[in-house]
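All remarks here apply to the structure that follows.
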Amino acid sequence: MSQYERMVIVTGNANRQLAEAIARYVKRPLGDALVTRFRDGETRVLLRDDVRGADVFIIQPTSPPVNQHVMELLVMIDAAKRASAGRITAVLPYYGYSRQEKKTVGREPISAKLVADLIQRAGAHRVLTVDLSNPAIEGFFDIPVDHLHAGPLLAHHVQRLLRETHDIVVAAPDVGAVRLADRFRSYLDNAPLAVLFKDRPQPDEVTMQGLIGDVVGKTVVLVDDLISTGGTLIAAADLLEANGARTVIAVATHPVLAEGALERLAASALYTVFVTDAIPVPNPPEAIRVISLAPLLAEAINRVHYDISVSELMHQPRLPL
């Protein structure tokens, strides 16, 4: 039983389609919120629904244009707080600035921590997010963070595509993705793991230096947390194909997709690329398959609202797929 009588779900402009799908799964109407900009570019928010004492969920991935969507989120949280919301949960299917979670050179900010501070200062009581690039970001918050994983959802669709899983090898496209790939293979009957080694001779150039693992005649599933230019996955697919892989597919939670990335991925050696709708992908080509996070996020929202454990959703969610 929830301590809050009402649940209110609202969204900004980052991914309204996902918010509408979540609301349908939760079987609640999407709240009426005006989120726009004044003529000088400042963010304008008006919550038209009564949220006093309500359990408010603000669905807003901080995806490109990141700064605009972060500001919308902060102003929406402030609006809900000033309207006497009982509890405010920021639902962030994609956490912008997550790749800036540590200093790599002197005099550099830790922007992921700054964004966490802003969300808390604005008035959020809880954060619900999916596949942070570094789980340590949870520690940037002093409020509860429910960190969900899209891996089981993506693995389910990989299995549906491939039918049989005994010839699958799961591969990390670089050393940084090993932990993610190792977790993903547990969803595919503990398939063997391969690791590729990446180098960046130039900031926008990716080369593959080598491969550990047997991929000859295998279907290889490349696993990463996000796709920006697509360069890493494309170079990895080329190396795997050169080393005898039969088919190469890729999965990634966050389709950041810089300009031209979709076209490069569609023209590459990758047979299929699975991504989620954490970030909208308008008009994806046939090779790009978009899997909705709506059932996972809706179940998590229901559990938070009714004070039911969210932990079992972290690994093997049982969802209406």
Side-chain angles (χ1 to χ4, degrees), residues 94-95 98-99 101-102 129-139 145-162 164-200 206 208-228 230-237 239-241 243-256 270-276 278 291 293 296 310-319:
Y94 172 69
Y95 185 87
S98 63
R99 288 179 286 177
E101 88 290 3
K102 62 181 180 294
T129 190
V130 182
D131 284 337
L132 293 168
S133 63
N134 189 334
I137 293 173
E138 294 181 47
V145 176
D146 293 308
H147 183 194
L148 305 179
H149 301 298
L153 199 62
L154 292 166
H156 170 80
H157 287 274
V158 167
Q159 287 176 315
R160 288 181 60 182
L161 173 70
L162 300 178
E164 300 292 336
T165 60
H166 59 272
D167 284 333
I168 291 177
V169 173
V170 174
D174 54 37
V175 174
V178 169
R179 181 167 53 183
L180 188 65
D182 189 45
R183 183 196 301 135
F184 192 87
R185 75 189 187 95
S186 71
Y187 310 137
L188 297 175
D189 300 324
N190 290 313
L193 179 67
V195 182
L196 292 87
F197 296 89
K198 179 176 73 173
D199 188 27
R200 286 190 181 272
V206 175
M208 290 292 164
Q209 301 298 308
L211 163 70
I212 293 178
D214 178 16
V215 298
V216 176
K218 305 293 185 179
T219 296
V220 180
V221 183
L222 281 164
V223 181
D224 215 343
D225 61 335
L226 64 81
I227 304 173
S228 181
T232 296
L233 290 179
I234 291 169
L239 180 63
L240 290 165
E241 193 174 62
N243 279 269
R246 181 179 60 194
T247 306
V248 184
I249 67 176
V251 299
T253 303
H254 304 300
V256 176
L270 290 162
Y271 175 69
T272 300
V273 180
F274 288 97
V275 296
T276 77
I291 309 304
L293 289 173
L296 175 63
V310 183
S311 295
E312 67 183 62
L313 290 181
M314 308 293 189
H315 304 289
Q316 294 280 15
R318 292 182 175 85
L319 300 169

* **Those residues that, when tested against L226, pass side chain to side chain contact (heavy atoms under 4.5 Å, CB included) (two or more places apart)** =>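 If we apply the side chain to side chain contact (heavy atoms under 4.5 Å, CB included) test to L226, skipping adjacent residues, the hits are Y94, R99, S228, H254, V256.
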Is there a side-chain contact between [X] and [Y] in this structure, where contact means two heavy atoms from C-beta onward sitting under 4.5 Å apart?
X	Y	result
F197	I212	yes
L196	L239	yes
N243	E241	no
I249	L222	no
V310	L148	yes
V223	V170	yes
E138	T129	no
V273	V275	yes

* Greater than 12 external heavy atoms within 6.0 Å of R179's CZ ->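 Open.
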Check whether any side-chain N or O of [X] sits under 3.5 Å from a backbone N or O of [Y] as a donor-acceptor pair, and report yes or no.
X	Y	answer
D189	A191	no
D131	D225	no
H149	V130	no

How close do [X] and [Y] get, counting heavy atoms only, and between which atoms?
X	Y	answer
A278	L293	CB-CD1, 3.7 Å
T276	T253	OG1-O, 2.6 Å
A181	A172	CB-CB, 3.9 Å
M208	T232	CE-O, 3.4 Å
G151	F184	O-CE1, 3.5 Å
D214	V169	O-CG2, 3.6 Å

* So L211 and V195, side chain to side chain contact (heavy atoms under 4.5 Å, CB included) or not? Walk me through it. -> CA-CA 6 Å; L211 163 70; V195 182; over 6 Å; no
* Would R246 and D167 count as a side chain to side chain contact (heavy atoms under 4.5 Å, CB included) if you check the C-alpha gap in whole Å, the side-chain angles of each, and the deciding distance to 0.1 Å? -> CA-CA 10 Å; R246 181 179 60 194; D167 284 333; 3.8 Å; yes
* Start with the C-alpha distance between Q159 and L188, add both sets of side-chain angles, then the distance that settles side chain to side chain contact (heavy atoms under 4.5 Å, CB included), and finish with yes or no. => CA-CA 8 Å; Q159 287 176 315; L188 297 175; 3.4 Å; yes
* Start with the C-alpha gap between I137 and Y95, add the side-chain angles, then the distance that decides, and say whether side chain to side chain contact (heavy atoms under 4.5 Å, CB included) holds. => CA-CA 10 Å; I137 293 173; Y95 185 87; 3.9 Å; yes
What's the spacing between [X] [atom1] and [Y] [atom2] if we round to 0.5 Å?
X	Y	atom1	atom2	result
I168	T247	CD1	OG1	10.5 Å
L270	L240	CG	CG	9.0 Å
I291	H157	CD1	NE2	4.0 Å

* Asked: Of all residues at least two apart in sequence or in a different chain, which pass the ring-ring contact (aromatic ring centres under 6.0 Å, His included) check with F274?
  ->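 Per chain and number, F274 pairs via ring-ring contact (aromatic ring centres under 6.0 Å, His included) with no residue.
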* Non-neighbouring partners of D174 that pass salt bridge (charged side-chain N to carboxylate O under 4.0 Å, His left out), sequence neighbours left out ->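 For D174, the residues satisfying salt bridge (charged side-chain N to carboxylate O under 4.0 Å, His left out) (neighbours in sequence not counted) are K198.
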